[in-house]
Amino acid sequence: MNTLRLSEFKRACELEFGVLQAMVLISEYWLPQLRATPAEALSSNADVRRVWLALCEEMNVPEERRHGAGKNI
């Protein structure tokens, strides 16, 4: 299974959206498919990769930038 750690999620958000926008998106952006903000979903133990992919879908992140994001390579 391809899991995503919380630290990788945060790094991916910062790289994709910038530090300040990532902070706002994580804490305030409503993800309809999760019925929560990313922060709420993560605090409810939602799968981190699912939260990342939901955010990517909502923000129209190209498919090629969704997988493997946030990992130290």
Side-chain angles (χ1 to χ4, degrees):
M1 181 174 192
N2 190 4
T3 60
L4 184 69
R5 293 184 195 140
L6 186 55
S7 61
E8 293 168 340
F9 170 79
K10 290 179 181 178
R11 187 177 316 115
C13 287
E14 290 174 358
L15 290 172
E16 184 62 40
F17 307 113
V19 174
L20 294 178
Q21 187 175 3
M23 288 173 39
V24 172
L25 289 173
I26 291 169
S27 64
E28 297 182 21
Y29 194 83
W30 182 257
L31 297 172
Q33 63 181 272
L34 300 179
R35 297 183 194 160
T37 66
E40 291 168 342
L42 293 168
S43 70
S44 296
N45 295 319
D47 178 67
V48 179
R49 178 160 294 285
R50 183 170 180 228
V51 176
W52 167 246
L53 293 175
L55 183 59
C56 286
E57 186 174 315
E58 284 294 313
M59 300 305 294
N60 296 314
V61 173
E63 192 76 30
E64 63 271 10
R65 294 202 313 250
R66 295 180 186 190
H67 302 286
K71 296 204 179 245
N72 284 331
I73 297 173

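Quick note: residue numbers are just sequence positions, from 1.
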From L20 atom CG to E14 atom CD, the distance as rounded to the nearest 0.5 Å: 9.5 Å
Closest non-hydrogen atom pair, S27 against A39: CA-CB, 4.1 Å
Of R65, R11, Q21, the residue whose pairing with E16 passes side chain to side chain donor-acceptor pair (under 3.5 Å): R65
Atom pair CG (L4) and CG (D47), whose distance is rounded to the nearest 0.5 Å: 8.0 Å
Derivation and outcome, side-chain contact (heavy atoms from CB on, under 4.5 Å), residues I26 and C13: CA-CA 8 Å; I26 291 169; C13 287; 4.1 Å; yes
T37 OG1 to W30 CH2 distance, which is reported to the nearest 0.5 Å: 7.5 Å
Backbone of A54 reached by a side-chain donor or acceptor of E57 within 3.5 Å: no
Positive for side chain to side chain contact (heavy atoms under 4.5 Å, CB included) with R50, one of L55, L31, L34: L34
Hphob cluster co-occupancy, L6 + W52, side-chain heavy atoms under 4.5 angstrom: yes
Rounded distance [0.5 Å steps], CZ in R5 versus NZ in K10: 14.0 Å
Connected via hydrophobic side-chain network under 4.5 Å: V24 and V61: no
Verify same cluster id: F17, M23 (apolar side-chain graph, 4.5 Å): no
Euclidean distance, C56 SG relative to R49 CZ, rounded to 0.5 Å: 9.0 Å
Basic-acidic side-chain contact under 4.0 Å: R66, E63: yes
For E64, all residues meeting side chain to side chain donor-acceptor pair (under 3.5 Å), sequence neighbours excluded: none
